[in-house]
Every structure is written in structure tokens, then in C-alpha cells.
Amino acid sequence: MSTPEIFMRRAIEISRDKMRADGSAPFGCVIVKDGEIVGEGVNNVVNNHDATSHGEVEAIRDAGRRLKTWDLSGCDLYTTCEPCEMCVASMFWAKISRMYYANTLKDCTEVGFDLEPLTQAVRADLHDRALPAERLLATEAREVLDEWVASPGFNAFQ
């Protein structure tokens with residue numbers, strides 16, 4: 001019988017194995033549907049030269065490929081650490097049904113990995129963020145958006 005602890009142990013196992021094998025950051029994730037693992041991922045930001053290569057994102061990508069869908073409704077996500085805002089957003093878009101986590105973001109802060117600047121940036125108003133932002137070609141871009149809305153079978157959350 002599968003239990004949440006078994007799936008979390010798998011997430012911890014892959015995080016440890018990849019950290020030891022190739023220096024991946026120790027953040028692993030598995031996605032489970034109907035008691036079976038359908039996606040796995042580890043944090044490969046450095047190895048993949050990809051700032052979005054977090055364990056949760058990689059597991060969501062893997063599950064999507066395996067299940068041939070972006071909609072992961074009915075899937076549970078097991079991650080070795082409380083996710084950052086990017087990963088939470090990825091779970092939202094993938095429609096993950098439930099999340100289990102092991103370490104907290106406070107645990108990460110205690111070992112020198114502080115995500116508070118990210119949290120503040122995401123929660124700030126667009127023009128109050130450290131990253132400068134300027135709107136360009138809004139009318140042209142809106143035309144494409146309107147065309148999409150008018151297309152047959154439009155569904156914003158397709």
C-alpha cells in the first residue's frame with residue numbers, strides 16, 4: 001500500500017542521489033496520480049543553465065509529458081522543501097490537487113538560502129519592484145489577445 005511517507009521518501013531519495021551524483025541542489029519532487037508516481041524532478045538550475053529548473057517545475061514537466069496533458073488535476077505533489085513563488089505558480093497552472101512538503105523556507109534561510117527578496121518582489125506592485133518595467137505596444141498585443149478570445153472553442157484555462 002502506498003502512503004504519503006513513501007512518496008516523500010522517494011522525493012528525498014532522488015534529491016540526495018542527484019546532489020551526490022552531479023551536484024544538483026538538494027530539492028527533489030515527485031508527482032503522484034492514483035497511487036502511482038507520474039513525474040519526478042530535482043533542482044538542476046546550475047547543471048541545466050536554467051533558472052526555472054526547480055524540482056517542482058521539472059516534476060510537473062515530467063508528469064505532463066508522461067500523461068500527455070498540462071492539466072494535472074487529481075495529482076498530488078511531494079516536494080522536499082516548501083516551494084518558492086515560481087513553483088507555487090507552476091502548481092496553480094498545472095492544477096495540482098494537493099501538496100506535501102518536508103523542509104520549510106525558514107529551514108533554507110537558516111542554512112544561508114534566503115528567498116525573502118523573491119517573496120517581496122512577487123508581492124510588490126508591478127512598478128514598485130526592483131526590476132524596471134515599461135509597457136510597450138499594448139494595442140498591438142491586445143489585438144492578438146482579442147483574436148484569441150474570439151476564436152472558436154476559446155477557453156482561457158484550456
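Nothing here was measured: the structure is a model prediction, and the numbers come from that model.
- At a threshold of 4.5 Å between non-hydrogen side-chain atoms, the residues Ser151 and Phe154 count as touching.
- The aromatic rings of Tyr78 and Tyr100 lie parallel to each other, their planes meeting at an angle below 30°, with 60° marking the opposite boundary.
- Partners of Thr104 according to the side-chain hydrogen bond (donor to acceptor under 3.5 Å, both in side chains) rule, which considers only residues two or more places apart in sequence or in another chain, are Asp107.
- Expressed to the nearest 0.5 Å, how far NE2 of His54 lies from CZ of Arg61 amounts to 10.0 Å.
- Put simply, the side chain of Thr80 gets close to the backbone of Gly28: a donor and an acceptor are under 3.5 Å apart.
- Residue pairs meeting the ring-ring contact (aromatic ring centres under 6.0 Å, His included) criterion with at least one partner in residues 107-147, sequence neighbours excluded, are Phe27-Phe113.
- Placement of Tyr101 and Leu105 in two distinct hydrophobic clusters is found when ILVMFWY residues are connected by side-chain heavy-atom separations under 4.5 Å, directly or transitively.
- Counting heavy-atom neighbours within 6.0 Å of Arg66 CZ, excluding the residue itself, gives a total above 12.
- Of all heavy-atom pairs spanning Ser2 and Gly35, the tightest one is OG-O, 3.7 Å.
- A distance of 12.5 Å separates CE of Met91 from OG of Ser97, quoted to the nearest 0.5 Å.
- Taking all atoms of both residues into account, the shortest heavy-atom contact from Asn44 to Ser24 is OD1-OG, 2.8 Å.
- Under a 3.5 Å cut-off, the side chain of Asp62 and the backbone N or O of Glu40 do form a donor-acceptor pair.
- In this structure, the side chain to side chain contact (heavy atoms under 4.5 Å, CB included) partners of Leu126, at least two apart in sequence or on a different chain, are Arg129, Ala133.
- Across every non-hydrogen atom of Cys108 and Cys81, the tightest pair is SG-SG, 3.3 Å.
- At a threshold of 4.5 Å between side-chain heavy atoms, the hydrophobic network of Ile, Leu, Val, Met, Phe, Trp and Tyr places Val30 and Met99 in two separate groups.
- Here the side chain of Ser53 pairs no donor or acceptor atom with the backbone of His49 at under 3.5 angstrom.
- Put simply, CG on Leu72 and CD1 on Ile96 are 4.5 Å apart, with the number rounded to the nearest 0.5 Å.
- The CD1 atom of Ile6 sits 3.5 Å away from atom OG1 of Thr3, with the distance rounded to the nearest 0.5 Å.
- Val42 and Glu58 make their closest contact through O-CG, 3.7 Å (heavy atoms, listed as atom of the first residue, atom of the second, distance).
- Closest non-hydrogen pair, Cys87 versus Glu56, comes out as SG-OE1, 3.2 Å.
- Pro83 is not listed as a side-chain neighbour of Leu77, based on a closest heavy-atom distance of 4.5 Å or more.
- Within 6.0 Å of CZ on Arg9 lie no more than 12 heavy atoms contributed by other residues, nucleotides or ligands.
- Counted by atom type alone, Asp71 and Ser73 present one or more donor-acceptor pairs between their side chains at under 3.5 Å.
- Remark: side-chain polar atoms of Asp22 are not paired, donor with acceptor, to backbone N or O of Asn47 under 3.5 angstrom.
- With a 4.5 Å cut-off on side-chain heavy atoms, Thr109 and Glu116 do not count as touching.
- Within the 4.5 Å cutoff, no side-chain heavy atoms of Arg10 are placed close to those of Val32.
- Under the 4.5 Å side-chain heavy-atom criterion for ILVMFWY residues, no single connected hydrophobic cluster contains both Leu118 and Val88.
- Interatomic distance, Asp114 CG to Thr119 OG1, rounded to the nearest 0.5 Å: 8.5 Å.
- Cluster annotation: Ile37 is connected to Met8 through the hydrophobic network of ILVMFWY side chains, with a link wherever side-chain heavy atoms come within less than 4.5 Å.
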Next item on the list: Start with the C-alpha gap between Cys75 and Leu67, add the side-chain angles, then the distance that decides, and say whether side chain to side chain contact (heavy atoms under 4.5 Å, CB included) holds.
Entry: CA-CA 11 Å; Cys75 291; Leu67 298 174; 4.3 Å; yes
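- A single hydrophobic cluster is not seen to contain both Ile31 and Phe7; linkage of ILVMFWY side chains at heavy-atom distances under 4.5 Å, directly or through other members, places them apart.
- Heavy-atom minimum distance, Pro26 versus Ser15: C-CB, 3.8 Å.
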